[in-house]
Chemist: 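One structure coming up, written as structure tokens, with questions to follow.
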Protein chains: 2
Amino acid sequence: MARLPLYYRALLEITERDVETTSSERLAELAGVNAAQVRKDLSYLGSYGTRGVGYEVAFLVERISSELGLTQDWPVAIVGVGNLGQALANYRGFGARGFRVLALVDEDPAKVGGKVGDLEIQALDDLPELVRERGITIGIVATPAAAAQSVADRLVAAGVRSILNFAPAVVAVPDGVSLRKVDLATELQILSFYQSHLRSKAKAG
Amino acid sequence: MARLPLYYRALLEITERDVETTSSERLAELAGVNAAQVRKDLSYLGSYGTRGVGYEVAFLVERISSELGLTQDWPVAIVGVGNLGQALANYRGFGARGFRVLALVDEDPAKVGGKVGDLEIQALDDLPELVRERGITIGIVATPAAAAQSVADRLVAAGVRSILNFAPAVVAVPDGVSLRKVDLATELQILSFYQSHLRSKAKAG
DNA sequence: CGGTGTGAAGCCTTTCACAGCA
DNA sequence: TGCTGTGAAAGGCTTCACACCG
């Protein structure tokens with residue numbers, strides 16, 4: 001369920017305010033969705049609310065953490081150390097929630113051996129070894145479009161089962177591998193579309 | 001229509017191969033969607049296909065460009081010049097399609113006056129002036145979560161009607177303003193969810 | 001009372017299937 | 001014959017509305 005991370009964030013916010021209990025309505029507001037939807041989503045995890053009262057914040061945080069698999073660390077490899085790859089490597093938002101960038105890989109021999117923070121950039125051929133030794137479970141593709149499919153193939157071959165693709169290209173993966181994409185140019189084009197048509201309400205996708 | 005950018009990209013790929021005509025099936029493959037969907041989407045722009053033959057590539061590129069508003073330049077301002085903001089400022093993928101980063105803004109006085117590439121970082125208070133003078137139409141929010149809402153408010157107040165939010169926070173905007181969000185931590189959490197549940201097929205969202 | 005849990009309705013998107021035209 | 005354009009069916013997701021319980 002793609003909304004769990006939203007609820008998770010909302011609950012953390014509530015926690016910071018030392019509130020012990022919350023309602024679906026309050027959660028809905030913080031997550032920017034409908035209250036009935038919150039209840040339906042949460043009921044999918046089990047009946048953890050108290051009628052007339054609401055949900056116990058601490059318990060729910062625990063429950064969602066476990067559902068999202070945030071109780072353990074997930075070693076991440078970034079392939080393609082250009083502008084974007086470097087920024088992602090330095091981005092603090094990842095480490096905060098158990099995602100640790102433990103490998104940087106680039107095709108360009110001139111970049112191999114260089115460092116970003118504490119991490120050394122390694123060659124594409126080292127991927128299988130890196131995945132094995134560092135327990136990499138998630139691969140981030142931050143290469144140009146042309147390289148994306150072949151990089152994804154090599155990640156899969158190395159044993160990675162989750163891929164986040166930033167390259168502006170359609171990538172195919174075998175069954176059993178999860179793929180998500182973030183396409184910056186597409187996002188801007190969608191905004192441009194709405195701007196041209198003077199409509200309102202681009203969905204926050 | 002959120003799939004137009006995909007078709008656009010697919011068509012550009014086809015153009016590079018000097019192919020003059022293409023079918024919905026071929027487009028579907030390149031865009032990673034269903035063929036019937038391609039036809040339905042394109043028919044929404046008008047009946048530009050030839051039965052028994054397919055679509056004329058050059059014409060369709062033209063038509064979609066105009067629909068997406070890519071025939072003109074869109075000046076962009078980036079607010080928040082941390083790791084991510086800097087990377088976005090340097091990212092070539094934007095400029096390629098008419099999105100020009102013409103302003104960098106940061107709240108931190110220590111950063112104001114600094115440079116990223118040719119652009120000088122300016123103060124938040126300069127936003128209205130920047131928007132007016134440089135014709136900014138799109139604002140990119142690359143601040144920490146806590147600042148996101150207030151930055152968005154200031155962008156809107158300055159006259160910006162399209163916002164792309166990278167901060168991990170829910171942001172509200174008035175009617176008439178388009179908002180899209182890109183949440184890196186959420187994407188990873190969704191992958192983590194699928195990984196924990198050993199399922200396949202995370203939708204490429 | 002107040003707020004959850006949930007069947008049912010409603011809405012929107014995707015897919016099918018095929019008529020119709022070059 | 002081949003591929004588009006599109007009505008109709010299917011499916012999925014969201015919202016409503018309310019029974020039920022603390």
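Note on naming: letters A, B, ... go to the chains in the order of the sequence lines (proteins, then strands), and numbering restarts at 1 for each one.
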Chemist: Answer yes or no: is there a donor N or O on one side and an acceptor on the other, between the side chain of B:D106 and the main chain of B:K111, under 3.5 Å?
Modeler: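 It does not hold such a pair.
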
Chemist: Quick one: what's the B/S/- string for nucleotides 17-22 of chain C, heavy-atom cutoff under 4.0 Å, read 5' to 3'?
Modeler: B--BBS

Chemist: Taking only the side-chain nitrogens and oxygens of A:R3, find out if one of them lies under 4.0 Å from OP1 or OP2 of D:dC13.
Modeler: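 Result: no.
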
Chemist: Are any side-chain N or O atoms of A:S192 and backbone N or O atoms of A:L188, one a donor and one an acceptor, separated by less than 3.5 Å?
Modeler: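 No; judged by distance alone, with no hydrogens or angles, the pair does not exist.
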
Chemist: So does A:Y55 get a side-chain nitrogen or oxygen closer than 4.0 Å to the phosphate oxygens (OP1/OP2) of C:dG5?
Modeler: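 Looking at the OP1 and OP2 atoms of C:dG5, one of them is under 4.0 Å from a side-chain N or O of A:Y55.
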
Chemist: Begin from the C-alpha positions of B:R9 and B:E13 and carry the test salt bridge (charged side-chain N to carboxylate O under 4.0 Å, His left out) through to its verdict.
Modeler: CA-CA 6 Å; B:R9 197 158 72 207; B:E13 260 183 67; 5.6 Å; no

Chemist: From OH of A:Y7 over to P of C:dT4, roughly how many Å is that when rounded to an integer?
Modeler: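 Answer to the nearest Å: 12 Å.
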
Chemist: Nearest whole angstrom, please: distance from the P of C:dC12 to the CD of B:Q37.
Modeler: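 After rounding, the gap between these two atoms is 17 Å.
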
Chemist: For B:Y91, enumerate each residue passing the ring pair (Phe, Tyr, Trp, His ring centres under 6.0 Å) test, keeping only those at least two apart in sequence or located in another chain.
Modeler: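 Testing B:Y91 for ring pair (Phe, Tyr, Trp, His ring centres under 6.0 Å), a comparison that skips the adjacent residues, returns B:F94.
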
Chemist: Start with the C-alpha gap between A:N90 and A:Q86, add the side-chain angles, then the distance that decides, and say whether side-chain hydrogen bond (donor to acceptor under 3.5 Å, both in side chains) holds.
Modeler: CA-CA 6 Å; A:N90 288 319; A:Q86 268 181 62; 5.4 Å; no

Chemist: For DNA chain D, find the residues of residues 9-32 of chain A with a heavy-atom distance under 4.0 Å and give them by number; none if there aren't any.
Modeler: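 Hits under 4.0 Å, by residue number: none.
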
Chemist: Distance check needed: C:dT4 P versus A:N34 CG, whole Å only.
Modeler: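 Computing the A:N34:CG to C:dT4:P distance gives 12 Å.
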
Chemist: Let me know the distance between CD of A:E56 and C1' of C:dT4, rounded to the nearest Å.
Modeler: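 In whole Å, C:dT4 C1' lies 15 Å from A:E56 CD.
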
Chemist: Would the distance check show the side chain of A:N165 and the main-chain N or O of A:A169 forming a donor-acceptor pair, the cut-off being under 3.5 Å?
Modeler: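 The answer is yes, because a donor-acceptor pair under 3.5 Å joins these two groups.
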
Chemist: Could you give the CZ-to-P distance, from B:F59 to D:dT4, as a whole number of Å?
Modeler: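 In whole Å, D:dT4 P lies 15 Å from B:F59 CZ.
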
Chemist: Determine whether B:L88 and B:V101 make a side-chain contact, defined as any pair of heavy atoms from C-beta on separated by less than 4.5 Å.
Modeler: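 They are not in contact (no side-chain heavy atoms under 4.5 Å apart), so the answer is no.
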
Chemist: Enumerate the protein-to-nucleotides 7-9 of chain C contacts in which both atoms are nitrogen or oxygen and the separation is below 3.5 Å.
Modeler:
| residue | atom | partner | partner atom | Å |
| --- | --- | --- | --- | --- |
| C:dG7 | O6 | A:K40 | NZ | 3.1 |
| C:dA8 | N6 | A:K40 | NZ | 3.2 |

Chemist: Can you measure from CZ (B:R39) to OH (B:Y55) and round to the nearest 0.5 angstrom?
Modeler: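 Reported to 0.5 Å precision, the distance equals 7.0 Å.
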
Chemist: Find the distance B:L42:CG to D:dT4:C1' and express it as a whole number of Å.
Modeler: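 Distance, rounded to whole Å: 10 Å.
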
Chemist: Could you go through residues 126-139 of chain A and list every donor-acceptor pair under 3.5 Å that involves a side-chain atom there, pairing it with any protein atom two or more places apart or in another chain?
Modeler:
| residue | atom | partner | partner atom | Å |
| --- | --- | --- | --- | --- |
| A:D126 | OD2 | A:A123 | N | 3.4 |
| A:R134 | NH1 | A:L102 | O | 2.7 |
| A:R134 | NH2 | A:Q122 | OE1 | 3.2 |

Chemist: Taking only N and O in the side chain of A:Y44, is any of them less than 4.0 Å away from OP1 or OP2 of D:dC13?
Modeler: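 For D:dC13, neither OP1 nor OP2 has a side-chain N or O of A:Y44 closer than 4.0 Å.
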
Chemist: Can any side-chain N or O of B:S23 pair as donor or acceptor with the backbone N or O of B:R26 at less than 3.5 Å?
Modeler: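 Yes.
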
Chemist: According to salt bridge (charged side-chain N to carboxylate O under 4.0 Å, His left out), who are the partners of A:R63, at least two apart in sequence or on a separate chain?
Modeler: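 Once residues adjacent in sequence are excluded, the partners of A:R63 under the salt bridge (charged side-chain N to carboxylate O under 4.0 Å, His left out) criterion are A:E67.
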
